[in-house]
Amino acid sequence: MTKRTRLFLAVASGILVVGLGTGLLASYAGGLQNLTIIGGNGPAELAYVPAEASFVAYANVRDVMDSEVRQKLSALQPDAKAGPEHFKEQTGIDLETDIDYIVAAHSGMGSETDGPPLVLARGTFQTVEIERLIREQGGTVEDYKGSRILVNDEKKLAVVFVEAGLAAIGSPSAVRRSIDTKAAGSNVTGNEEVMRLVRDIDDGDAWVVARFDALTGTRLPAEVANQLPPINWFSARGFIGSGLEGQLRVETRDEVSAQNLQQVIRGFMALGRLQTGQHPEFAEFLNTIQIGGDG
């Protein structure tokens with residue numbers, strides 16, 4: 001197998017699992033580099049998300065943290081706690097105990113210069129302790145339109161409690177903008193292109209909707225990007241318990257592109273099965289995947 005083929009297969013497999021991976025790992029947030037309130041228009045926290053958001057994700061942190069799947073993954077990856085511990089050191093928020101669910105959003109296009117996403121965390125917080133920790137790290141307090149924002153300019157991080165039990169975390173500009181968005185009443189729930197996809201998947205324990213270029217940015221090598229059919233939107237949802245069940249949906253520019261993408265993924269699946277002779281567990285996983293299309 002050539003280096004180019006291996007690289008292409010790695011990207012194809014990433015397309016298959018990135019939605020569920022995002023759902024699980026976004027609960028270790030901060031940067032999203034490594035996510036239900038069931039309702040027709042998604043969680044109420046979307047009122048703080050700008051209308052032009054190119055990435056919206058949700059994770060029921062309590063369900064994820066308490067699930068058998070998470071316990072199994074933690075046993076396989078002893079270093080998995082490093083993410084939550086780092087997040088706690090920076091913000092004073094304990095993902096293990098403080099947060100019920102998270103909504104994350106971003107309006108950038110995935111470039112290297114884009115700042116961290118906006119994270120809206122619903123839970124129970126020790127606000128006095130969080131403010132003390134941020135001040136000890138060189139943070140300051142500013143009043144912004146009646147909201148008390150804790151800002152650490154060195155780490156380009158801000159925290160504000162926009163409601164009782166709801167924290168907005170992100171870059172200072174993203175946090176301020178979330179306050180403005182809620183006040184203006186013009187938010188992502190008015191973006192029909194995004195909400196059409198949200199309404200289809202917001203019953204999952206974790207879900208994500210994103211423009212594909214916002215998800216990948218400029219990180220895909222040109223040789224890989226040129227082989228992929230034109231993809232517009234990406235969405236995924238996962239149900240987490242003793243096992244993991246998920247659905248991935250990719251919208252392409254036209255029907256021909258959709259058919260080409262199906263062929264790409266089926267080709268990846270076929271190659272994967274050829275290489276699972278010594279790993280029957282992978283063959284079992286591949287056999288659980290179903291591929292379909294609509295237009």
- Message: Test your reading of the model: is there a side-chain donor-acceptor pair from Asn152 to the backbone of Gln137, 3.5 Å cut-off?
- Response: yes

- Item | CA sep, side-chain torsions, deciding dist, call: Trp233, Phe212, side-chain contact (heavy atoms from CB on, under 4.5 Å) | CA-CA 5 Å; Trp233 285 93; Phe212 188 71; over 6 Å; no

- Rounding to 0.5 Å, atoms CD1 (Ile99) and CG (Asn60) come to a distance of 11.5 Å

- Query: Between CG of Leu46 and OG1 of Thr189, what distance do you get to the nearest 0.5 Å?
  - Reply: 7.0 Å

- Could you walk me through whether Lys182 and Asn187 pass the side-chain contact (heavy atoms from CB on, under 4.5 Å) check? CA-CA 7 Å; Lys182 180 64 163 62; Asn187 52 62; over 6 Å; no

- Are Leu133 and Phe161 connected, step by step, through hydrophobic side chains (Ile, Leu, Val, Met, Phe, Trp, Tyr) whose heavy atoms are closer than 4.5 Å? no

- Query: Quick one: are Val208 and Phe234 in side-chain contact, heavy atoms under 4.5 Å?
  - Reply: yes

- Task: Mind checking the CG-OG spacing from Leu248 to Ser235? Nearest 0.5 Å is all I need.
- Result: 7.0 Å

- Can you list the residues that meet the salt bridge (charged side-chain N to carboxylate O under 4.0 Å, His left out) rule with Arg176, with sequence neighbours excluded? Glu142

- Using distance alone, with no hydrogens and no angle criterion, decide if Tyr48 and Asp180 have a side-chain donor and acceptor under 3.5 Å apart. no

- Item | Carboxylate-amine/guanidinium proximity below 4.0 Å for Asp200 and Arg237 | no

- Out of curiosity, Leu166 CG to Glu45 CD, how far, rounded to the nearest 0.5 Å? 5.5 Å

- Query: Checking Asp254 side chain against Ser257 main chain: does a donor-acceptor pair fall under 3.5 Å?
  - Reply: yes

- Under the side chain to side chain contact (heavy atoms under 4.5 Å, CB included) test, which residues partner Arg132, sequence neighbours left out? Glu129, Glu136

- Who pairs with Gln263 by side chain to side chain contact (heavy atoms under 4.5 Å, CB included), at least two apart in sequence or on another chain? Asn260

- Ion pair check, Arg211 and Glu251, cut-off under 4.0 Å: no

- CZ-CG distance between Phe239 and Asp203, expressed to the nearest 0.5 angstrom: 4.0 Å

- With rounding to the nearest 0.5 Å, note down the distance linking OG in Ser171 to CG in Asp153. 11.0 Å

- Message: Angle between ring planes, Trp207 versus Tyr58, binned at 30° and 60°: parallel, tilted or perpendicular?
- Response: parallel

- Query: Should Ile149 and Val159 be marked as a side-chain contact (heavy atoms from CB on, under 4.5 Å) after you check the CA-CA gap, both sets of side-chain angles, and the distance that decides it?
  - Reply: CA-CA 6 Å; Ile149 302 180; Val159 178; over 6 Å; no

- Item | Side-chain heavy atoms of Ile102 within contact of Leu120, under 4.5 Å | no

